[in-house]
2 protein chains.
Amino acid sequence: MAVNDILARVGDKWSVRVVLALTDGSQRFNQLRRDIPGVSQRMLTRTLRGLERDGLVSRTVTPSVPPRVDYALTALGRSLCDPVARLGNWAIENIGKVEAARAVFDGEQD
Amino acid sequence: MAVNDILARVGDKWSVRVVLALTDGSQRFNQLRRDIPGVSQRMLTRTLRGLERDGLVSRTVTPSVPPRVDYALTALGRSLCDPVARLGNWAIENIGKVEAARAVFDGEQD
DNA sequence: CGGTATCCCCGCCGATACTG
DNA sequence: CAGTATCGGCGGGGATACCG
């Protein structure tokens with residue numbers, strides 16, 4: 001199903017991080033890289049390309065030395081912020097319960 | 001980050017499908033399998049185990065012939081329905097825009 | 001019916017090196 | 001600074017076969 005396809009992008013962990021990182025305004029490539037711990041250059045590039053392809057993020061090149069590229073959420077991307085933030089908030093609020101459940105489940109395995 | 005870990009589960013496409021399929025009430029294994037097009041037995045089993053481990057889904061075995069196993073959302077799982085549904089609704093509402101953006105982006109590649 | 005076990009392919013992803 | 005290119009490991013995920 002096609003919706004699955006969208007959820008795959010939207011549910012992707014790096015995509016979520018990028019969208020959240022761009023919520024407060026546009027960012028340059030290496031700034032995003034610093035803002036998102038653990039992301040490799042390759043994955044950040046790929047994630048940004050995917051988001052750009054899906055019309056969620058815009059890419060603005062300023063030809064200068066050194067070159068400057070700014071990424072920002074499009075209107076469509078901003079409309080995604082709220083649902084993503086809700087999911088993120090759910091995760092933050094319930095991480096304790098989930099980890100407790102995992103500990104119980106893993107402990108039950110004799 | 002641990003929240004990433006939760007989002008990985010929550011954003012997983014099969015997990016999303018299972019949660020949505022269980023929103024209306026408990027389901028048996030093969031019923032879920034029919035409700036979720038494209039899922040293999042292996043992946044359904046794995047997804048359900050993961051959700052059970054995270055305390056989102058409960059598994060109830062009725063020893064009979066033939067055996068019967070019912071899956072249902074826990075309270076924690078139900079609390080996840082709303083955020084997930086919002087994300088799903090966003091996907092449904094905006095799939096047209098995303099696909100249009102993809103067509104433009106792919107067409108631009110000379 | 002509701003699984004588990006095995007095989008195997010493929011795409012994700014990090015690491016590293018190179019480019020404009 | 002902002003990428004692309006390439007390699008290699010690892011895990012996702014389908015196909016198939018078998019079990020209680």
Side-chain angles (χ1 to χ4, degrees), chain A residues 1 4-18 21-22 25-54 57-72 102 105-106 108-110, chain B residues 1 4-19 21-22 26-54 57-72 102 105-106 108-110:
Chain A
M1 185 183 286
N4 248 352
D5 204 27
I6 312 281
L7 287 174
R9 153 110 318 108
V10 155
D12 172 68
K13 68 173 185 174
W14 295 128
S15 295
V16 170
R17 307 302 300 239
V18 168
L22 289 176
S26 72
Q27 295 286 344
R28 298 179 64 177
F29 186 86
N30 277 324
Q31 187 57 48
L32 281 173
R33 205 174 161 188
R34 281 186 290 272
D35 287 352
I36 305 174
V39 73
S40 66
Q41 184 172 35
R42 172 191 169 87
M43 285 318 296
L44 182 54
T45 300
R46 288 173 63 107
T47 301
L48 287 167
R49 284 291 171 284
L51 291 170
E52 187 191 359
R53 175 170 181 257
D54 287 358
V57 158
S58 65
R59 181 172 178 269
T60 307
V61 180
T62 306
S64 58
V65 180
R68 177 191 180 99
V69 181
D70 288 275
Y71 293 93
R102 281 183 187 173
F105 187 91
D106 293 349
E108 278 171 355
Q109 309 306 315
D110 343 313
Chain B
M1 185 183 285
N4 249 351
D5 202 30
I6 311 280
L7 287 174
R9 152 106 322 107
V10 154
D12 174 67
K13 67 172 186 173
W14 296 129
S15 295
V16 170
R17 308 300 303 236
V18 168
V19 168
L22 290 176
S26 72
Q27 295 287 343
R28 299 178 63 177
F29 185 86
N30 278 321
Q31 187 59 46
L32 281 174
R33 206 174 160 185
R34 281 186 290 273
D35 287 351
I36 305 173
V39 73
S40 66
Q41 184 172 35
R42 171 191 167 87
M43 285 318 296
L44 183 53
T45 300
R46 288 172 62 109
T47 301
L48 286 167
R49 284 292 171 282
L51 291 170
E52 188 191 358
R53 175 169 181 259
D54 287 356
V57 158
S58 65
R59 182 171 179 269
T60 308
V61 181
T62 307
S64 59
V65 180
R68 177 193 181 99
V69 181
D70 288 274
Y71 292 93
R102 282 184 187 174
F105 187 91
D106 294 349
E108 279 171 356
Q109 310 304 316
D110 352 310

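A, B, ... follow the sequence lines: proteins, then strands. Residue 1 opens every chain.
- In terms of position on DNA chain D, the residue among B:Q41 and B:R46 whose nearest nucleotide sits closer to the 5' end is B:R46.
- Rounded to whole Å, atom C1' of D:dG3 lies 11 Å from atom CG of A:L48.
- The CG-C1' distance, from A:N30 to D:dG3, rounds to 10 Å in whole Å.
- If A:D70 and A:R42 are placed on DNA chain D by their nearest nucleotide, the residue sitting closer to the 5' end is A:D70.
- An OP1 or OP2 oxygen of C:dG3 is reached within less than 4.0 angstrom by a side-chain nitrogen or oxygen of B:R49.
- Between the OG atom of A:S58 and the CG atom of A:L51 there is a distance of 11.0 Å, given to the nearest 0.5 Å.
- Here C:dC1 is the nucleotide among C:dC1, D:dC1, C:dG2 with the atom lying nearest to any side-chain atom of B:P66.
- Each of C:dG3, D:dG20, C:dG20 was ranked by its minimum atom distance to the side chain of B:T45; first place goes to C:dG3.
- Atom CZ of B:R46 is separated from atom CD of B:Q41 by 13.0 Å, given to the nearest 0.5 angstrom.
- Distance CG (A:L44) to C1' (D:dA2): 10 Å, rounded to an integer number of Å.
- Between A:L32 and A:V39, every side-chain heavy-atom pair lies at or beyond the 4.5 Å cut-off.
- At the phosphate of C:dG3, OP1 or OP2 sits under 4.0 Å from a side-chain N or O atom of B:R59.
- The side chain of A:R28 places no N or O atom within less than 4.0 Å of a non-bridging phosphate oxygen (OP1 or OP2) of D:dC1.
- At least one side-chain nitrogen or oxygen of A:Y71 sits closer than 4.0 Å to the OP1 or OP2 atom of D:dG3.
- Counting only N and O atoms by type, the side chains of B:Q31 and B:R34 include a donor and acceptor under 3.5 Å apart.
- Going from atom CZ of A:F29 over to atom C1' of D:dC1 covers 9 Å, rounded to whole Å.
- Per the geometry, CE belonging to B:M43 stands 13 Å off P belonging to C:dT4, to the nearest Å.
- Whole-Å rounding puts the A:D12 CG to C:dC12 P distance at 10 Å.
- Here side-chain hydrogen bond (donor to acceptor under 3.5 Å, both in side chains) pairs that include residues 59-71 of chain A, with residues two or more places apart or in two chains, are A:R59-A:Y71, A:R68-A:D70.
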